[in-house]
Asker: 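So that we are looking at the same thing, I have put the structure below in structure tokens.
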Amino acid sequence: MLLSTITLSDYLVLSGLLFSIGVFGVLTRKNAIAVLMGIELMLNAANINLVAFSKFIDTGLNGQIFALFSIVIAAAEVAVALAIVISIYKTTRTIDLDKEDTLKG
Amino acid sequence: MHFDLNYSAILPQIIIGVTLFISATIDAFSSARKWPVGIITLFGIGAGISSAVYLWGSNIVSFSQMVSLDEFSLLLFITVMIAGFITVLVSLKYVDDMEPDGGHFYLLLLSSLLGMMFLVSATNLIVIVLGLELMSLSIYPLVGFTRDRQISLEGAMKYLILGAIATAFLLYGIALIYSVLGTTNLYTIARILSTAQHMTGNLVMMAGVAFILIGFSFKVALVPFHAWTPDAYQGAPAPITGFMAAAVKAASFGAIIKVVIIVLQSFHVPVAEALWWLSAVTMFTGNIIAVMQKNVKRMLAYSSIAHAGYVVVGLVSGTAFGMSSAVFYLLSYTFTITGSFAIITYLEKNDGTGSELSDFSGLAKEHPILSLIMAVFMLSLAGIPPTAGFMAKLYVFSAAIKSGYIGLAIFGILTSVISLYYYLRIVYAMYFEESEGRTDTPVPAGIAAGVFIALWGVIQLGILPSDIMNFAMQSIQSLIH
């Protein structure tokens, strides 16, 4: 079977990479939507970890159930975030985070 | 596997949840003025506080060890519900003035209370994350509640992005810890850690603990994870700023205390060292930047960062007394800051201005009682006797000295001397500067009631602190046993 050649460390490398790409995206992107995509990558990196550990280490299903909950959390977070982005767009006609700099000090 | 569904373990949560449904129904069928929804919310929170007082002394772990009802969670329930109660009282007129159809204000506030209560009563990392997210996802829209103010939306957006990053760090850290220990149950984790001695050398475990600490540090705004705080606090409607400073901070610290006590006992040394640095940097930075602020909401935002540092001093000492003093600090800060923001709510104008330092000029001539109470709150924040803030700082620093962290205690006292400058700056403006002509509106009854409850708390905790401190000690003992 092909799948049997994939080991736990492969999953860890993948999730570590995804998390780093997410952090990089959050730090460098100016567009609010792109920043949200970066955050999504970070959350899903954690999900991959949880599911992989659940398969390889835990005898129960704790990790997979946790991943289900965290998918729901991510969806709710995006819904709230997009609502706020739309409100910002209505008042300022831009979603560039660098132009959102009224508050200083 | 048997399921233990003891519903009395979540009785206060059930009360708040039922209130949420009733308020939502009334909100749907009521006219443009939404104060009746607020009144129902007040009764619901009042019932929640009564149930928490009634349940005092019980110790129930239920729902397959997902939540526990002990004195620790009950004391923090009471703390966050008092903050919610005062906030709703203060907002009754404010909400109707700001948004013509703003009933969702109370619904979001109730659901964030529900999240906080699950957060502090959780005994499983899954429930901690869920509670934290229910709390945060309800707070983000509240920060952006005043949709026509650009700063409000901007604050909400910044808070949301950094909050989501914090969640991602927390989840990743939990995944790493889960990978080492194979469980998310706090009690099981504590049992494994107490028998295993080699854990401090385990890199994955250390990374997991570090990620969880970073995630929580974002939520309670410890330097250098505080960047969102001033913007979110300044942009948010004034009552919500008070609620965030009091309840969100108290609930997040509750989770931190729980994780530190139950889980990280065998990790005590490196965690205490990390917390030592975090608290020192936080106290210093928060107080120094607050000195430079002209806007009172922003000033109190930096002051709340500094206060988070003082709470961490209690955690650093690591003893039961230190943890209890941190809990006491949270309660005293809750009364003080919700009261201060009640007064700022009164001064805030419909367009969001009115919280500059100059807006406080000459307030004492027009509102002598309100100014006097504001002065008491400021002295309490600065830590002057006979207020709650003084006793809280006294307990926290004496706990640090007893545990041998004398340097940190002295440093904390020095930074609170710096803080005296900007708190007294507000008092000076109220009493010794000339007013620039203020449109004189009467103080709404809700704000007056909220201010007096907060004042009662500040004086009570300042003059007779030992009873409350005993409750705090009991609450920590209920976690340790």
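Letters A, B, ... mirror the listed sequences (proteins, then strands); counts begin at 1.
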Asker: Using heavy-atom distances under 4.5 Å, tell me whether B:L160 contacts chain A through its side chain, its backbone, both, or neither.
Answerer: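 Side chain only.
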Asker: Can you say whether B:Y159 sits under 4.5 Å from chain A via the side chain, the backbone, both, or neither, judging by heavy atoms?
Answerer: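 Contact with chain A is absent: no heavy atom of B:Y159 under 4.5 Å.
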Asker: Any idea which of A:I48, A:V35, A:I65, A:I39 has the most non-hydrogen atom pairs under 4.5 angstrom with chain B?
Answerer: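 Among A:I48, A:V35, A:I65, A:I39, the one with the most close pairs to chain B is A:I39.
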Asker: Classify the angle between the aromatic ring planes of A:F19 and B:F169 as parallel (below 30°), tilted (30 to 60°) or perpendicular (above 60°).
Answerer: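 Aromatic pair A:F19/B:F169 classed perpendicular.
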Asker: I would like to know whether B:Q13 and B:S121 meet side chain to side chain donor-acceptor pair (under 3.5 Å); could you show each step before the answer?
Answerer: CA-CA 10 Å; B:Q13 285 102 317; B:S121 64; 3.2 Å; yes
Asker: Out of B:L130, B:L176, B:I174, B:N185, return the one with the most heavy atom pairs under 4.5 angstrom to chain A.
Answerer: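 That would be B:L130.
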Asker: Can you tell me which of A:G22, A:A46, A:A74 forms the most heavy-atom pairs within a distance under 4.5 Å of chain B?
Answerer: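 Heavy-atom pairs under 4.5 Å are most numerous for A:A46.
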Asker: Quick check on A:S87 against chain B: is it the side chain, the backbone, both or neither that has a heavy atom closer than 4.5 Å?
Answerer: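 Both backbone and side chain.
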Asker: Pick one: which of B:L357, B:V291, B:I289 meets side-chain contact (heavy atoms from CB on, under 4.5 Å) with B:Y422?
Answerer: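 Answer to the side-chain contact (heavy atoms from CB on, under 4.5 Å) test with B:Y422 among B:L357, B:V291, B:I289: B:V291.
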Asker: Look at the aromatic rings of B:H104 and B:F145 and report parallel, tilted or perpendicular, splitting at 30° and 60°.
Answerer: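 B:H104 vs B:F145 ring planes: tilted.
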Asker: Any chance you could measure B:Y302, atom OH, to B:K297, atom NZ, to the nearest 0.5 Å?
Answerer: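 So the OH of B:Y302 and the NZ of B:K297 are separated by 15.0 Å.
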Asker: I'd like to verify something: which residue of B:I165, B:L134, B:I126, B:L171 has the highest number of heavy-atom pairs under 4.5 Å with chain A?
Answerer: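 With the most close heavy-atom pairs to chain A, the winner is B:I126.
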Asker: Is A:L8 in contact with chain B via its backbone, its side chain, both, or neither, using a 4.5 Å heavy-atom distance?
Answerer: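 Contact with chain B: none, neither part.
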Asker: For the residue pair B:V129 and B:L132, establish whether any side-chain heavy-atom pair is separated by less than 4.5 Å.
Answerer: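 A side-chain contact is absent here, since even the closest heavy-atom pair is not under 4.5 Å.
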